[in-house]
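Following: one structure in structure tokens, then a few remarks.
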Number of protein chains: 2
Amino acid sequence: MNKIVKGNCIDILLELDSDSVDLIYFDPPFYTQKKHSLRAKNEKKYEFSDSWDSIDDYLSVIEKCLTECKRVLKSTGSVFLHCDKAASHYIRVVLDKVLGVKNFQSEIIWTYKRWSNSKKGLLNSHQNIYFYSKGKDFKFNQFYTDYSATTNVDQILQDRKRTSTGKSTYKTDENGEVVLGKAKKGVPLSDTWEIPYLNPKAKERVGYPTQKPVLLLKEIIKLCTDKGDLVVDPFCGSGTTCVASKLLERNYIGIDISEDAVQLANDRLEKMIVTDSNLLKKGSSSYIEKSEEDISLLNTIGAIPVQRNSGIDGFLKDHFEGKPVPVKIQNRNETLEDTIEKLEKASRNKKYNLKIVVQTKSENENSRLFEFKTDVKIIKSNKLLIDELRR
Amino acid sequence: MNKIVKGNCIDILLELDSDSVDLIYFDPPFYTQKKHSLRAKNEKKYEFSDSWDSIDDYLSVIEKCLTECKRVLKSTGSVFLHCDKAASHYIRVVLDKVLGVKNFQSEIIWTYKRWSNSKKGLLNSHQNIYFYSKGKDFKFNQFYTDYSATTNVDQILQDRKRTSTGKSTYKTDENGEVVLGKAKKGVPLSDTWEIPYLNPKAKERVGYPTQKPVLLLKEIIKLCTDKGDLVVDPFCGSGTTCVASKLLERNYIGIDISEDAVQLANDRLEKMIVTDSNLLKKGSSSYIEKSEEDISLLNTIGAIPVQRNSGIDGFLKDHFEGKPVPVKIQNRNETLEDTIEKLEKASRNKKYNLKIVVQTKSENENSRLFEFKTDVKIIKSNKLLIDELRR
DNA sequence: ACCGTCCCTGAATCATTGG
DNA sequence: TCCAATGATTCAGGGACGG
């Protein structure tokens with residue numbers, strides 16, 4: 001597990017156990033009948049050929065490969081097949097055949113803004129991803145997005161009933177007051193995703209043609225796998241799928257027929273560890289989730305986040321008595337004392353005039369905080385204040 | 001010209017001259033294998049059946065009809081075929097066959113926000129429109145949209161040249177100054193269109209199932225026809241295409257097999273009601289009135305933002321004692337009393353068990369808040385708590 | 001296993017009401 | 001007359017259930 005393998009994807013797939021894979025991201029050559037090439041920053045030229053004798057020739061390769069994919073997939077597994085307009089309809093016919101019409105789940109549209117060209121007609125700015133599950137009980141993590149700006153959320157919290165004619169209306173009790181319904185989670189994720197196209201200057205770019213943004217792959221992986229699950233990419237190219245899997249702590253196997261691609265993907269995974277380790281220094285593997293919450297909190301108090309200091313999460317934009325004000329947010333796994341100590345340690349020798357800890361958990365009864373001598377000021381997070389209201 | 005004809009579309013198309021039509025909007029049943037019915041405001045029930053013996057049965061009808069469409073089309077004419085995920089791939093195979101792979105121009109994605117349901121998986125929120133021309137010299141009016149906010153317009157005005165290795169760079173003259181190119185017109189219209197779905201309460205609604213927004217049809221018609229051109233809709237239903245054609249001063253022929261549909265379409269052409277979408281006019285950002293800060297704060301306390309209620313800024317995701325918890329953040333220009341009053345007013349008749357105001361400003365000395373009777377709970381924002389530390 | 005049929009879901013946004 | 005607040009209505013829906 002967690003490797004990039006050089007070889008024909010069918011051969012390599014044959015070596016995998018049946019019912020062992022959670023997600024397959026299938027991104028074959030698009031049947032453009034062209035040779036794709038691109039020069040990387042180090043001037044190395046990467047290319048692959050997407051020329052075929054005929055569409056049938058092309059499709060038969062796809063079909064064989066998909067059949068093998070189906071075999072290695074767990075019964076709860078899914079395939080995401082990425083293609084573009086050129087052959088998407090023929091490929092979907094194959095998908096229907098191999099995986100079954102019933103297991104078609106969604107046509108995902110990936111839209112992006114892009115450079116215009118002089119083509120007569122509309123500017124091409126989407127690609128299609130077909131989502132098929134192996135069976136009925138596929139793994140799916142529901143994600144929710146914000147309500148539209150025009151939605152009256154206040155209203156939709158109400159319960160409803162049916163009138164005699166079968167129309168649905170909002171329910172009121174005997175006093176004419178509205179009846180409130182159950183908690184709302186937000187809007188289920190749509191099948192149209194707007195994710196920026198990989199910018200030609202993006203650092204992420206490694207110079208491989210048709211490289212996909214990591215964001216797109218992360219989205220797909222989060223949707224259909226959990227931590228520790230296995231993701232396979234039979235046409236992995238520059239290894240974006242593997243990078244995304246690694247970031248999300250999924251296992252991965254990438255396959256590509258080109259020695260260059262395998263080399264490149266491996267390099268990318270190496271380097272990622274390097275850039276990643278800075279983040280790891282800061283805290284735990286929960287970095288990604290925790291940081292979003294914390295960044296919101298730092299935002300609300302007007303603080304600038306600091307990434308590489310385990311004792312300090314940020315500094316207030318406004319100094320206090322001429323000195324910066326360090327802020328630390330209590331971590332889920334820390335006692336308040338721990339938090340204070342870390343902040344104190346990090347600010348030793350720095351004569352800050354004000355140091356702030358944001359408390360995020362209630363103290364338990366045998367807290368000895370009152371015995372604790374510190375000049376750190378403690379404020380309770382708004383979330384904690386609300387939790388206390390619930391008591 | 002300019003008529004709605006009752007009958008089978010193939011029969012009616014046979015009566016039309018060859019090379020006489022500029023645009024065909026082809027909106028067949030989607031192969032949902034369901035009966036679609038809807039009741040209009042006057043209680044009249046409109047329905048059509050979309051059940052077929054098999055996909056081949058369905059496709060053979062489509063193919064016959066498309067073949068006839070091709071015949072009546074001028075050499076500069078185009079077909080827009082509207083379908084959804086259910087059979088889009090099979091339909092495109094037929095389109096390739098009848099009109100030719102070379103004449104495929106675009107897959108247009110119509111995306112919209114819509115009310116959700118309890119489906120496992122992604123929320124379905126797009127439909128597909130295939131744009132094929134009859135030949136190479138199809139009529140096409142290029143439309144342009146604004147550059148994206150992140151585009152460096154200054155830079156794209158510069159001319160470019162190629163380096164020896166084939167990379168494209170900006171051109172400079174002998175003095176090293178940039179060379180400005182010719183004026184740019186903007187970004188060509190993309191193939192992904194976000195147009196609001198016909199609203200349940202829209203006046204434009206006539207009670208016919210699957211009714212399309214006039215806006216969508218206007219977009220298509222403007223793209224491929226000029227004033228006085230002829231537009232044909234072989235499955236015209238409630239006649240949206242004809243309404244759009246009339247509005248844009250194009251000629252039209254609508255065909256439908258249902259007497260009811262023909263009647264309805266004619267009525268509609270008599271008194272044309274079109275809702276122009278406020279959302280499109282103003283843009284969804286104009287509805288978002290909350291500041292980044294407020295959104296961050298709502299985020300940190302686990303609340304869903306509400307955009308359209310001056311008394312409530314959000315609801316906590318977790319209910320309290322079975323009821324939602326409204327939250328209001330004190331506004332810069334409000335006294336705390338104002339804020340509380342607004343929240344109270346907005347939650348009148350709703351039996352919330354907990355209502356929260358987030359105080360963001362200190363009370364001044366002559367605050368009369370202590371005289372104020374309310375069951376709203378007040379918490380101080382983290383920002384305020386920090387400001388108070390500074391005193 | 002495969003149909004209809006019924007019943008439920010739940011957010012979008014224009015129309016209407018209110019000031 | 002205009003702007004802001006509120007609500008009505010929808011289902012190119014989806015799933016459960018019974019024959």
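Order of the sequence lines sets the chain letters (A, B, ...), proteins ahead of strands, with each chain counted from 1. For clarity, every value in this text was computed on a predicted model and none was experimentally measured.
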Over 12 foreign heavy atoms within 6.0 Å of CD, B:E293: no
Sugar-phosphate only, base, or nothing, as touched by A:G186 at under 4.0 Å among non-hydrogen atoms: sugar-phosphate
B:H82 and B:Y25 aromatic ring geometry - parallel, tilted or perpendicular at 30°/60° bounds: perpendicular
B:Y112 OH to D:dA12 P, straight-line distance once rounded to whole Å: 8 Å
B:K203, NZ: over 12 other non-hydrogen atoms inside 6.0 angstrom: no
Whole angstrom value for the distance that separates C1' of D:dG13 from CZ of B:F30: 14 Å
Touch class at under 4.0 angstrom, heavy-atom based, for B:K35 against every strand present: nothing
Whole-angstrom distance between D:dT10 and D:dG14, as gauged at atom C1': 15 Å
Touch class at under 4.0 angstrom, heavy-atom based, for A:S148 against every strand present: sugar-phosphate
Test of ring centre spacing under 6.0 Å for B:F80 and B:F26: no
Aromatic plane relationship, B:F48 with B:H36 - under 30° parallel, 30 to 60° tilted, over 60° perpendicular: parallel
Separation of atom CG in B:L122 from atom C1' in D:dG13, rounded to whole Å: 15 Å
Pairwise 5' ranking along DNA chain D for B:P200 and B:P28, keeping only the more 5' one: B:P200
Touch class at under 4.0 angstrom, heavy-atom based, for B:Y208 against every strand present: nothing
Ring geometry between A:F138 and A:F131 (parallel below 30°, tilted from 30 to 60°, perpendicular above 60°): perpendicular
Touch class at under 4.0 angstrom, heavy-atom based, for B:D27 against every strand present: base
Presence of A:K102 side-chain N/O under 4.0 Å of C:dC2 phosphate oxygens OP1/OP2: yes
Distance, rounded to the nearest Å, where B:K342 contributes NZ and D:dT6 contributes P: 12 Å
Check: B:K85 side chain, D:dA12 base, donor-acceptor under 3.5 Å: no
Between P of D:dG15 and NZ of B:K120, the distance in whole Å: 10 Å
Between D:dT9 (C1') and B:R114 (CZ): distance, integer Å: 14 Å
Nucleotides 14-19 of chain C: protein proximity per nucleotide (B base, S sugar-phosphate only, - neither; heavy atom, under 4.0 Å): BSS---
Most 5' of B:S37 and B:K119 on DNA chain D, judged by nearest nucleotide: B:S37
Comparing B:K113 and B:N117 on DNA chain C - which has the more 5′ nearest nucleotide: B:N117
Rounded interatomic separation in angstrom, taking CD from B:Q33 and P from C:dC3: 9 Å
Who pairs with C:dT9 - Watson-Crick or G-U, where each distance is under 3.5 Å: none
Atom-to-atom span, NE2 of B:H126 to P of D:dG13 - whole angstrom: 11 Å
Nearest listed nucleotide, side chain of B:S116, among D:dG14, D:dA12, C:dA11: C:dA11
A:F104 and A:Y130 aromatic ring geometry - parallel, tilted or perpendicular at 30°/60° bounds: tilted
Residue matched to D:dA12 through Watson-Crick or wobble contacts both under 3.5 angstrom: none
Rounded distance [0.5 Å steps], CD1 in B:I4 versus CZ in B:R268: 9.5 Å
